[in-house]
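A short write-up of the structure that comes next.
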Amino acid sequence: MQVPASFEYRRAESVDDALTLLERFGEEARVIAGGHSLLPMMKLRLARPGLLVDINDLHELDYVRQEGAELCIGALTRHRGLLESEPVGRLFPIFHDAERVIGDPPVRNRGTIGGSLCQADPAEDLSAVCAAVRAVAVVLGHGGRRSVPMADFYKGPYETEVGLGEMLVEIRVPILPNAGSAYEKVERKTGDWAIAAAGAALSLADGRIKAAGVGLAAVGVSAVGYRRAEEALVGREPSEEAFAAAGRIAAEDCDPVTDTRGTAAYKRHLAGELTERALRRAAERARQAVSTA
């Protein structure tokens, strides 16, 4: 079956219009922007929304800007926009690392950060990135605006904290001093879903790790949940021993499954190795930030 079930289509004229449609149609409504994940699921009838709310005209949700000690990214910002953004690359090179291995140019031209996060696919790259940098999701509904840390955003595979009549409108990333970040991924071919991937972010102070973030993709039901690995890094010197220890803990705490991309044991090994590599590169970038401060 390669034909979607019948559905209604509305092109939202404003954020308020989109929220009104989502509220009116409830569980039957789905937001669409790039559609690279939703449309294939509809064709296979794994998803059968009664209404698609097209938000591609909501240009007010397409931006990257710094506000104080946070980088703010609109939910409609395209992958290409993130990859070409100077502030994103300078403050959080982990985004550029990930965007270079996401899909292909057509996907990066149309896909959005909001769509990627709300799809909540366990193998999705930007979920691991946002988990590592401790991003906060801003969710809007007619009842008000609320901020949800990435640690609480995912309720399970393909399920998030975005409720009925609500939309993800912004991602806010705290900017830490003397920080570096990096993303490492193993895939079967360029642009493919990850076999395993790891994101890491570090902030240094007085030669030691002051703050650490770790996010993994394709090795469990969620990109978050690696607090033990993060805590094992804080207060230590950014050394090979520290990175190896954190990698071992991340490998222990992930929960991969055997499938056509590899065995659970292989993916667990990759999780540890890629965490270690990402931490090493993040530390190098953090040292560069310290030297140029």
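Cluster annotation: Leu117 and Phe92 are assigned to the same hydrophobic cluster (Ile/Leu/Val/Met/Phe/Trp/Tyr, side-chain heavy-atom contacts under 4.5 Å, transitive). Hydrophobic clustering of Ile, Leu, Val, Met, Phe, Trp and Tyr side chains at less than 4.5 Å, counting indirect connections, keeps Leu22 apart from Leu38.
In this structure, Phe153 and Val162 have side chains that are in contact, with non-hydrogen atoms separated by less than 4.5 Å. Using a 4.5 Å heavy-atom cutoff, the side chains of Val53 and Ile32 are not in contact. A heavy-atom distance below 4.5 Å is found between the side chains of His142 and Asp16. Within the 4.5 Å cutoff, side-chain heavy atoms of Leu140 are placed close to those of Val15. At a threshold of 4.5 Å between non-hydrogen side-chain atoms, the residues Arg100 and Thr190 do not count as touching. Two residues are said to be in side-chain contact when any heavy atoms from C-beta on lie closer than 4.5 Å; Ile171 and Val173 meet this criterion. Proximity of Pro4 to Lys43: side-chain heavy atoms (C-beta onward) are separated by under 4.5 Å at one or more points. With contacts defined as side-chain heavy-atom distances shorter than 4.5 Å, the pair Glu84/Arg108 does not qualify.
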Pairs under 3.5 angstrom only: tabulate donor-acceptor contacts from the side chains of residues 239-247 to other protein residues two or more places apart or in another chain.
from, atom 1, to, atom 2, distance (Å)
Ser239, OG, Glu241, OE1, 3.4
Ser239, OG, Ala242, N, 3.2
Glu240, OE1, Arg280, NE, 3.3
Glu240, OE1, Arg280, NH2, 2.9
Glu240, OE2, Arg280, NE, 2.9

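Shown here is Glu86, whose CD atom has more than 12 heavy atoms of other residues, nucleotides or ligands within 6.0 Å. Within 6.0 Å of CZ on Arg11 lie more than 12 heavy atoms contributed by other residues, nucleotides or ligands. By the 6.0 Å contact criterion, CD on Glu27 is open, its count of non-hydrogen atoms from other residues, nucleotides or ligands being 12 or less.
Residues Ala211 and Val234 share a closest heavy-atom pair of CA-CG2, 4.4 Å. Summarising the geometry of Gly207 relative to Pro238, their closest heavy-atom pair is O-CD, 3.3 Å, with the distance given to 0.1 Å. Nearest heavy atoms, Ala131 versus Val224: CB-CG1, 3.5 Å.
Formation of a donor-acceptor pair under 3.5 Å by the Arg78 side chain with backbone atoms of Arg110 is found in this model. Within the 3.5 Å criterion, the main-chain N or O of Gly103 finds no donor-acceptor partner in the side chain of His79. Judged by distance alone, the side chain of Lys185 and the main-chain N or O of Val101 form a donor-acceptor pair under 3.5 Å. Without hydrogens or angle criteria, Glu67 side chain to Glu70 main chain gives no donor-acceptor distance under 3.5 Å. Arg134 places a side-chain N or O within donor-acceptor distance of the main-chain N or O of Ala212, the cut-off being under 3.5 Å. Listed for the Lys267 side chain is no donor-acceptor partner under 3.5 Å among the backbone atoms of Ile195. Judged by distance alone, with hydrogens and angles left aside, the side-chain atoms of Arg188 form no donor-acceptor pair with the main-chain N or O of Arg261 at under 3.5 Å. Within the 3.5 Å criterion, the main-chain N or O of Pro177 finds a donor-acceptor partner in the side chain of Ser203. Checked by atom type and distance alone, the side chain of Thr160 never pairs as donor or acceptor with a backbone atom of Cys118 at under 3.5 Å. Side-chain N or O atoms of Ser116 include none that pairs as donor or acceptor with a backbone N or O of Leu126 at under 3.5 Å.
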* To do: Could you give me the CA-CA distance, side-chain angles and deciding distance for Arg80 and Glu99, then say whether side chain to side chain contact (heavy atoms under 4.5 Å, CB included) is met?
  => CA-CA 8 Å; Arg80 179 179 175 180; Glu99 290 295 355; over 6 Å; no

* Given side chain to side chain contact (heavy atoms under 4.5 Å, CB included), test Phe7 with Glu28 step by step and report yes or no. => CA-CA 9 Å; Phe7 60 89; Glu28 290 293 308; over 6 Å; no

* Let me see the working for Tyr63 and Thr77 under side-chain hydrogen bond (donor to acceptor under 3.5 Å, both in side chains), right down to the final yes or no. => CA-CA 6 Å; Tyr63 58 84; Thr77 303; over 6 Å; no

* Test side chain to side chain contact (heavy atoms under 4.5 Å, CB included) applied to Val88 and His96, step by step -> CA-CA 8 Å; Val88 169; His96 282 191; 4.0 Å; yes

* salt bridge (Lys or Arg N to Asp or Glu O under 4.0 Å) evaluation trace for Glu230 with Arg228 -> CA-CA 5 Å; Glu230 296 167 347; Arg228 281 207 313 139; over 6 Å; no

* **Worked check of side chain to side chain contact (heavy atoms under 4.5 Å, CB included) between Arg172 and Leu71** => CA-CA 6 Å; Arg172 303 180 75 92; Leu71 184 70; over 6 Å; no

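For Ala251, the side-chain contact (heavy atoms from CB on, under 4.5 Å) partners two or more places apart in sequence, or in a different chain, are Arg268.
Between the side chains of Ser291 and Gln288, no donor-acceptor pair of N or O atoms lies under 3.5 Å.
Shown are Met167, Glu170, Arg146; of these, the side-chain contact (heavy atoms from CB on, under 4.5 Å) with Val138 is made only by Glu170.
Salt-bridge formation is not detected for the pair Arg281/Glu284: no Lys NZ or Arg NE/NH1/NH2 atom is positioned less than 4.0 Å from an Asp or Glu carboxylate oxygen. Ion pairing of Glu273 with Arg277 is present here, as a side-chain N (NZ or NE/NH1/NH2) and a carboxylate O approach within less than 4.0 Å.
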